[in-house]
2 protein chains.
Amino acid sequence: MFRFDLSPSSPTPIYRQIVDQVARAVASGSLQAGDELPSVRAVAQQHVVNPMTVSKAYALLEQQGTIERRRGLGMIVRAGEASALDERLALLQPALDHAAAVSRQLAITPKQAMAALKLTLELPNKVNLDE
Amino acid sequence: MFRFDLSPSSPTPIYRQIVDQVARAVASGSLQAGDELPSVRAVAQQHVVNPMTVSKAYALLEQQGTIERRRGLGMIVRAGEASALDERLALLQPALDHAAAVSRQLAITPKQAMAALKLTLELPNKVNLDE
DNA sequence: CAGACTGTATTACAGTAGTAGTACAGTAGA
DNA sequence: TCTACTGTACTACTACTGTAATACAGTCTG
């Protein structure tokens, strides 16, 4: 069962985080057509958010054709295949653009920024706050 | 004269972007005590935002002791010295954490993500959207 | 059928961010 | 003094995000 990683302190709204994470999971192949997503109530309870917030995200995803909402049954993924690497990289690009802009603003050299990212990427056990 | 790089499409509120960018510029030494910041009206006009939004950011910065607001004269930086590298890296860390989380969600390997960041960092002429 | 789950609808509210427009007060220079 | 800049105050508004509580409708299982 898919697991969301929601960060209330992020400037990105909760519902947006849900939508983005499902989109990414589909792009990466973690989620495939036919997979089930956790129920509105389960997500709301687990992440201590209002069910309507989760429902709003799922409504958007349904609108995009990514999932199908089934009253009484829950959500099912409808999207097709995982994306190629270049498409996935395009989805990563905004985050990289931001990190690059911030490092420039901080007068951090590319080399230093790269070293820091390398550490961040290689510490999967570290609790990373998403978004 | 300091130049802001504001992105209306970012989830980060405009006033927050202003505050963050001044903080980063001070940390990097780009802005030093005694430097002047552009006026509320100039920033508002240039970036097509309401002057009160800019004023709000400046008010926060004054509250933090980073700047001094002078009616009729404009803003002056009051903060002290640039930060050491490790402090600057700490300011970059949230952006790296996010990029790392997104790359994981997209099943992009560390090597691929690093290569993409390298390209992003080395294209200063590219129009990077901040935040 | 009852119970336990599923998603939805509804209403009203609160907080945050941002806005428009106007006027006031302060500063500096001609 | 006038002009052109400076920041602020104020009011009311809009848009967005998220919430609480409740009840309804749908599905499945024992």
Side-chain angles (χ1 to χ4, degrees), chain A residues 1-22 31 34-78 130-131, chain B residues 1-22 31 34-78 130-131:
Chain A
M1 181 64 86
F2 187 73
R3 183 179 178 87
F4 291 105
D5 185 5
L6 304 180
S7 168
S9 62
S10 164
T12 306
I14 300 290
Y15 82 96
R16 187 86 251 160
Q17 292 181 44
I18 293 173
V19 171
D20 289 345
Q21 285 176 33
V22 171
L31 280 180
D35 287 353
E36 291 184 350
L37 286 176
S39 76
V40 166
R41 283 188 174 91
V43 177
Q45 182 173 46
Q46 181 181 346
H47 294 279
V48 194
V49 297
N50 192 279
M52 293 309 297
T53 305
V54 182
S55 188
K56 178 176 181 175
Y58 282 166
L60 270 184
L61 287 165
E62 185 183 46
Q63 199 173 39
Q64 294 171 8
T66 308
I67 63 172
E68 180 182 349
R69 297 194 292 172
R70 304 167 305 166
R71 174 173 279 199
L73 287 184
M75 310 291 147
I76 212 159
V77 175
R78 278 185 51 178
D130 186 18
E131 316 281 3
Chain B
M1 182 64 86
F2 188 73
R3 184 180 177 87
F4 291 104
D5 186 6
L6 305 180
S7 168
S9 62
S10 165
T12 305
I14 298 290
Y15 84 95
R16 188 85 252 164
Q17 292 180 44
I18 293 172
V19 170
D20 290 345
Q21 284 177 33
V22 170
L31 279 180
D35 287 352
E36 292 184 349
L37 287 175
S39 76
V40 165
R41 286 190 171 89
V43 177
Q45 181 173 49
Q46 180 181 346
H47 294 279
V48 194
V49 298
N50 191 280
M52 293 308 299
T53 306
V54 182
S55 189
K56 179 174 181 176
Y58 281 166
L60 270 183
L61 286 164
E62 185 184 46
Q63 200 174 39
Q64 294 170 9
T66 307
I67 63 172
E68 180 183 349
R69 295 192 296 172
R70 304 167 305 166
R71 173 172 282 197
L73 287 185
M75 309 290 147
I76 210 160
V77 175
R78 276 184 55 175
D130 188 20
E131 315 279 2

Does CD in A:Q45 sit with more than 12 non-hydrogen atoms of other residues, nucleotides or ligands closer than 6.0 Å?
no
Could you go through nucleotides 26-30 of chain C and list every protein N or O atom that sits under 3.5 Å from one of its N or O atoms, giving the distance for each pair?
residue	atom	partner	partner atom	Å
C:dG26	N2	B:G72	O	3.3

Closest approach to the side chain of A:P13, judged atom by atom: which nucleotide of D:dT19, D:dG18, D:dC10 is it?
D:dG18
Closest to the A:S39 side chain: D:dG7, C:dG7, C:dG21?
C:dG7
In numerical order, the residues of residues 55-68 of chain A whose heavy atoms come under 4.0 Å of DNA chain D are A:K56
From CZ of A:R16 across to P of C:dA17 the rounded distance in Å is 19 Å
Using atom CD of A:Q45 as one end and atom P of D:dA20 as the other, report the distance to the nearest whole Å.
13 Å
Can you tell me how far C1' of D:dT17 sits from CG of A:L6, to the nearest Å?
14 Å
Whole-Å distance separating the CE atom of B:M52 from the C1' atom of C:dT16
15 Å
CD (B:Q46) with more than 12 external heavy atoms under 6.0 Å:
yes
Any side-chain heavy-atom pair of A:I67 and A:R78 under 4.5 Å:
no
So, is B:T53 close to the C:dT19 phosphate, meaning a side-chain N or O under 4.0 Å from OP1 or OP2?
yes
Counting the atoms with a prime plus P, OP1 and OP2 as sugar-phosphate, which does B:M75 contact under 4.0 Å by heavy atoms, base, sugar-phosphate, or nothing?
sugar-phosphate
Scan B:R41 against the nucleic acid and name what it touches under 4.0 Å (heavy atoms): base, sugar-phosphate only, or nothing.
base
In whole angstrom, what separates B:R69's CZ from D:dT8's P?
4 Å
For the side chain of B:N50, starting at C-beta, report the closest nucleotide among C:dT19, D:dG18, C:dG18.
C:dT19
Below 4.0 angstrom from OP1 or OP2 of C:dA17, is there any side-chain N or O of B:Y15?
yes
What orientation do A:F4 and A:H47 show, parallel under 30°, tilted 30 to 60°, or perpendicular over 60°?
perpendicular
